[in-house]
Novice: 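Before I ask anything, here is the structure I am working with.
Note: hydrogens, waters and symmetry copies are ignored here, and every other heavy atom, side chains too, is used. Numbering of ligands and ligand atoms starts at 1, following listing order.
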Amino acid sequence: MKITYYGQSCVLIETAGKKLLFDPFIMSNPNAKHVDAGAIKPDYILVSHGHGDHVADLLEIEKSSGAKIICIAEIASWLGNKGIEAHGMNIGGGYNFDFGRVKMVNAIHSSSMPDGSYGGNPAGFVIYSEGKVIYFAGDTALTYDMKLLADENIDWSILPIGDNYTMGVDDAIKASAFVNCTNVIGVHYNTFPVIAIDTEEALDKFVKAGLNLKLPAIGETLAL
Ligand code: NI
Ligand code: MN
């Protein structure tokens, strides 16, 4: 299993011969101009919520790749109105896809589409594939609901750490304890001035908490 970081919360997970792209914001992200988004060609696009920094490039990448979109029911309806058939889910539900299982889990945030349409609730995802468990938290506050994942044997958590709109570093460290996972990939930071963080300080705080924080460069691939 591999993960590639494309900036903000956009990651590509390659597993079981499939490419899963999360929260596409690449061509619209000035920090990711060096990424050839058209070459990614995902099989699936997972959308955590409707904010622009998570869906700005959704329609274009869906069109060029033919990827199946996995998202909450209200975003699936919004896509349906555009003639795109998505796989709608809701919080607490899981579904077995050809690469493994996806469970949609709670995120504490807000959600509306870029055109102002209702986006349903924001969400996170737990991915079960190749014997590994990955938690993609989405945009979220720290919440006790994360403790529901403590028994899931999560191998890697993908957590927002940029503060202001989501958890910051200190709450992401608490979230790691709640979900009982020491391996963290930090996302949703340094894209805009209000979510700029001191990355050296973040790495130091995670180490002191006994955690393994990875902050891959945009375009960098890690083995999971
Ligand atoms: Ni958001
Ligand atoms: Mn966001």
Novice: Given side chain to side chain contact (heavy atoms under 4.5 Å, CB included), test S77 with Y118 step by step and report yes or no.
Specialist: CA-CA 10 Å; S77 296; Y118 179 54; over 6 Å; no
Novice: Is it the case that more than 12 heavy atoms not belonging to N164 sit under 6.0 Å from its CG atom?
Specialist: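 For N164, atom CG is crowded (more than 12 foreign heavy atoms under 6.0 Å).
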Novice: Return all protein N, O or S atoms below 2.8 Å from the Mn ion (ligand 2), chain by chain in residue order.
Specialist: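 Hits for the Mn ion (ligand 2) below 2.8 Å: D53 OD2, H54 NE2, D139 OD2, H188 NE2.
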Novice: Roughly how far, to the nearest 0.5 Å, is the CE atom of M27 from the CG atom of D36?
Specialist: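 These two atoms lie 10.0 Å from each other.
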Novice: If the test is side chain to side chain donor-acceptor pair (under 3.5 Å), which one of R101, E152, K103 qualifies with Y128?
Specialist: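 Per the side chain to side chain donor-acceptor pair (under 3.5 Å) rule, the option paired with Y128 is E152, out of R101, E152, K103.
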Novice: May I have all residue pairs that pass ring pair (Phe, Tyr, Trp, His ring centres under 6.0 Å) and include part of residues 174-224, sequence neighbours excluded?
Specialist: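 Sorted result for residues 174-224: H54-H188, Y144-F178.
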Novice: Can you list, by chain and residue number, the protein N, O or S atoms under 2.8 Å from the Ni ion (ligand 1)?
Specialist: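 N, O, S partners closer than 2.8 Å: H49 NE2, H51 ND1, H109 NE2, D139 OD2.
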Novice: Can you confirm whether D151 is buried at CG, in the sense that more than 12 heavy atoms of other residues, nucleotides or ligands lie under 6.0 Å from that atom?
Specialist: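 Incorrect, the count does not exceed 12.
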Novice: Mind listing the closest non-hydrogen atom pair of N106 and D145 along with its distance?
Specialist: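 Residues N106 and D145, closest heavy atoms: ND2-OD2, 2.7 Å.
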Novice: Not counting sequence neighbours, which residues clear salt bridge (charged side-chain N to carboxylate O under 4.0 Å, His left out) with K33? List them please.
Specialist: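 Result, salt bridge (charged side-chain N to carboxylate O under 4.0 Å, His left out) vs K33: none returned.
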Novice: Looking at I13, L12, I70, V187, which hits side-chain contact (heavy atoms from CB on, under 4.5 Å) with F22?
Specialist: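 The passing option is I13.
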